[in-house]
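Proteins get letters first, then strands, A, B, ... in listed order; numbering begins at 1 in each. Predicted model, so just to flag it, every value in this text is computed and none were measured.
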Amino acid sequence: MSLHLYDTSTRSTREFHPARTGTASIYVCGATVQSVPHIGHIRGALNFDVLRRWLTHLGNDVLLVRNVTDIEDKVLAKAKAAGRPWWEWAATHERAFETAYSELGCLPPSIAPRATSHVTQMIELMQRLIDAGHAYAAGGDVYFSVASFPEYGALSGQKLDAVQQGESAGEGKRDPRDFTLWKTAKPGEPSWSTPWGAGRPGWHLECSAMATFYLGPEFDIHGGGMDLVFPHHENEQAQSRAAGDGFARYWMHWSWVTMSGEKMSKSLGNVVAIPELLTQVRPAELRYYLVGPHYRSTIEFSKTALDEAVAAFRRIESFLRRVVQQTGGVEPGAPHPEFTAAMDNDLATPSALAAVHNAVREGNVALDSGDEVSARAAAGSVRAMTGLLGVDPLAPNWAQVAGADSGATRALDSLVGHLLEERQRARAERDFGTADMLRDRLLAAGITVEDTPDGPTWTLKDN
RNA sequence: GGCGGAGUGGCCGAGUGGUUUAGGCAAGGGCCUGCAAAGCCCUGUACACGGGUUCGAUUCCCGUCUCCGCCUCCA
């Protein structure tokens with residue numbers, strides 16, 4: 001089976017054929033940098049990171065553009081409320097997103113373009129739309145004429161007549177459903193000059209301008225959260241196609257993270273921030289939790305569900321550790337056919353993880369029976385599969401985050417090693433009181449000791 | 001009002017018109033272990049409700065109930 005993806009615009013799963021064989025171009029709506037990221041924001045980035053890894057695995061040269069909306073009403077309002085320059089506010093939160101992305105193992109995008117750096121491209125697009133009769137300027141604002149574009153509503157399945165009012169009416173709107181491409185400058189607000197007056201970008205325009213600037217008039221995949229389907233993506237598609245561009249060939253939308261059944265959002269105050277969560281679980285564990293459910297399913301956030309994900313991840317991790325400790329380092333091998341079939345089926349990560357766990361079990365059985373060759377093969381496969389999901393426990397990026405392999409670790413290894421030798425002597429003399437005392441002492445220091453056929457091993461109790 | 005999604009075993013979470021089990025966590029029983037941990041084996045018989053189609057539906061159709069999302073900024 002080849003890769004099939006669910007396409008919002010057709011509401012069906014379609015076989016993926018890139019416009020140019022061997023390449024895949026992706027544009028994903030990234031952050032509006034008005035505040036710190038919560039796990040809902042990051043989930044989307046992780047979903048597309050998995051998509052990108054899978055496309056790369058399938059042999060594609062992937063271009064991934066993830067934009068940054070750094071000029072927008074809320075950015076201005078919040079910066080003003082905080083008494084800071086709007087651009088500093090935006091830059092500060094952009095860094096917060098970057099940090100979260102990278103802590104959770106997102107590969108960097110090909111580029112992360114900012115809206116404010118692409119006003120030239122926006123002006124060009126507006127000019128094309130005005131020339132084609134699909135947009136008009138009115139008192140410094142520029143609007144897209146929805147009625148001029150019969151296809152409007154095709155992506156989201158909305159009927160133009162049934163759509164309620166639309167964005168708040170501007171002065172010069174000819175039709176209340178028209179949307180704003182460009183906003184005239186208000187006193188005290190940042191602005192850029194255009195042929196129609198000084199102002200700033202409307203929300204939708206930037207994505208069309210940047211997507212086509214980097215990826216061309218037609219590209220493969222465009223994605224974002226479910227809430228962007230209408231009006232944001234509908235409007236993007238309208239303005240780009242009205243201008244004569246083919247635009248996105250597949251539309252992918254991920255679902256929410258909810259809290260108590262409700263969409264996580266600032267206004268409801270039910271957000272879980274990334275830094276806070278990372279004091280409780282390791283980044284790889286959080287990633288496992290967010291990547292495990294299918295991307296189009298809602299995740300109802302709960303601590304118990306998170307803890308279960310942690311346990312599942314550690315099961316994989318401890319298998320790999322056992323293999324490495326007993327047989328030496330293992331490099332990633334090849335994914336199981338089951339895993340591949342699951343991923344090809346619209347990135348069915350739940351089934352893919354089932355394949356991972358089956359491989360873990362087989363590997364454990366092999367290890368217990370002394371079949372090192374099979375155990376190592378299973379471990380290599382597990383590394384490959386988890387790596388494609390970005391949750392390989394042995395991947396170097398997690399170690400960097402944890403600050404392992406330091407001199408302190410080596411010192412600890414030496415000290416613990418001596419205690420374990422002492423304990424082994426006691427055990428050999430069947431002095432279990434002393435042996436257990438030593439184990440308890442290590443445990444009290446946060447070190448878990450396990451006896452294996454090849455001798456004792458120790459690990460730091462996490463967190 | 002318009003459009004869309006969801007309701008699965010103790011919990012999380014997939015999937016399918018029947019003949020074979022998702023997977024994980026938790027629970028009970030076993031193996032292993034000085035003990036423990038880890039690991040492995042076994043057990044649980046689920047699919048909101050009411051109709052319909054069918055030889056057969058959790059899986060298709062219709063209706064009902066409940067929940068959620070979008071239509072205004074939103075991942």
Side-chain angles (χ1 to χ4, degrees), chain A residues 8 11 28-32 34-35 37-48 69 72-74 77 97 153 156-168 177 203 223-232 234 253-258 261-268 288-289 292-294 296-300 302 304-316 318-319 321-322 338 342 345 348-358 360-369 426-427 430-433 435-436 439-440 443 448-453 456-457 459:
Chain A
T8 305
R11 274 165 229 184
V28 56
C29 283
T32 298
Q34 47 136 335
S35 59
H38 63 241
I39 59 176
H41 297 296
I42 297 306
R43 179 191 186 187
L46 293 174
N47 291 146
F48 266 65
T69 301
E72 180 264 351
D73 290 352
K74 280 187 181 166
F97 271 86
S156 61
Q158 300 287 328
K159 296 185 200 84
L160 193 48
D161 296 339
V163 170
Q164 292 190 346
Q165 186 60 334
E167 67 182 47
S168 52
R177 298 166 305 195
W203 178 34
M226 290 290 294
D227 54 347
L228 298 185
V229 176
F230 192 91
H232 184 52
E234 188 71 59
H253 294 93
W254 60 78
S255 191
W256 310 118
V257 178
T258 59
E262 288 180 306
K263 179 178 162 184
M264 195 171 279
S265 78
K266 290 280 172 209
S267 50
L268 291 169
Y288 185 97
Y289 173 64
H294 187 85
R296 286 190 286 114
S297 294
T298 303
I299 296 179
E300 163 71 13
S302 78
T304 51
L306 178 60
D307 289 342
E308 287 182 6
V310 169
F313 175 81
R314 291 187 184 180
R315 175 177 146 77
I316 298 168
S318 74
F319 162 63
R321 271 194 192 155
R322 285 180 76 202
E338 252 178 83
N345 179 21
T349 52
S351 303
L353 282 173
V356 171
H357 279 100
N358 286 335
V360 166
R361 190 185 327 103
E362 288 163 16
N364 274 320
V365 168
L367 206 57
D368 285 346
S369 69
R427 291 182 72 203
R430 303 195 69 77
D431 177 6
F432 297 121
D436 289 350
R439 183 169 63 191
D440 290 345
L443 189 62
T448 305
V449 175
E450 293 177 17
D451 293 315
T452 75
T457 65
T459 47

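Among the nucleotides B:C40, B:C11, B:A75, the one closest to any side-chain atom of A:Thr32 is B:A75. Picking from B:C71, B:A75, B:A38 the nucleotide with the shortest atom distance to the side chain of A:Arg322 gives B:A38. Side-chain proximity of A:Asp451 to B:G24, B:C70, B:A36: nearest is B:A36. The side chain of A:Arg439 sits closest to B:C35 out of B:C35, B:A37, B:A75. When distances are taken from the side chain of A:Arg427 to each of B:C12, B:C73, B:C35, the shortest belongs to B:C35. Closest to the side chain of A:Phe230, from the set B:C25, B:A38, B:C70, is B:C70. The side chain of A:His294 approaches B:A14 more closely than any other nucleotide in the set B:A14, B:C40, B:C12. For A:Trp256, counting side-chain heavy atoms from C-beta on, the closest listed nucleotide (B:G24, B:G69, B:C73) is B:G69.
When each of A:Ala348 and A:Val229 is assigned the nucleotide of RNA chain B with its nearest heavy atom, A:Ala348 is the one assigned upstream, toward the 5' end.
Distance A:Ile299 CD1 to B:G69 P: 16 Å, rounded to the nearest Å. A straight line from CD1 of A:Ile316 to C1' of B:C25 spans 13 Å, rounded to a whole angstrom. Rounded to whole angstrom, the span from the CG atom of A:Asp436 across to the P atom of B:A37 amounts to 12 Å. Per the geometry, CG belonging to A:Asn345 stands 10 Å off C1' belonging to B:G15, to the nearest Å. Residue A:Glu72 contributes atom CD, which lies 16 Å from atom P of B:U72 at whole-angstrom precision. A straight line from NE2 of A:His38 to C1' of B:C73 spans 13 Å, rounded to a whole angstrom. For the pair A:Trp254 CH2 and B:G4 P, the computed distance is 22 Å after rounding to whole Å. What separates CZ of A:Arg11 from P of B:C70 is a distance of 16 Å, to the nearest Å.
A:Gly224 comes within 4.0 angstrom of sugar-phosphate atoms only, judged by non-hydrogen atoms across all strands, and of no base. Base contact: A:Asp227 has a heavy atom under 4.0 Å from a base atom. As judged by a 4.0 angstrom heavy-atom cut-off over every strand, A:Leu367 is placed among residues making no nucleic acid contact. Across all strands shown, A:Val449 has heavy atoms under 4.0 Å from base atoms, whether or not it also approaches the sugar-phosphate.
The shortest distance between the side-chain N/O atoms of A:Lys263 and the OP1/OP2 oxygens of B:A75 is not below 4.0 Å. A:Arg296 has no side-chain polar atom (N or O) that falls below the 4.0 Å cut-off from OP1 or OP2 of B:G5. In this structure, A:Ser297 reaches the B:A14 phosphate: one of its side-chain N or O atoms is under 4.0 Å from OP1 or OP2.
For RNA chain B, runs of at least 3 consecutive pairs of the Watson-Crick or G-U wobble type, with both hydrogen-bonding distances under 3.5 angstrom, map to B:1-7 with B:65-71, B:10-12 with B:23-25, B:27-31 with B:39-43, B:48-52 with B:60-64.
One P atom belongs to B:A46, the other to B:U59, and the distance between them is 15 Å to the nearest Å. Using atom C1' as the reference point in both B:G9 and B:G24, the two lie 14 Å apart (nearest Å).
Applying the 3.5 Å distance criterion, the base of B:G34 shares no donor-acceptor pair with the side chain of A:Arg430.
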For nucleotides 18-23 of chain B, list the nitrogen or oxygen atoms of the protein found under 3.5 Å from its nitrogen or oxygen atoms, one pair per line.
unit_1 : atom_1 : unit_2   : atom_2 : d
B:G23  : O2'    : A:His357 : ND1    : 3.4

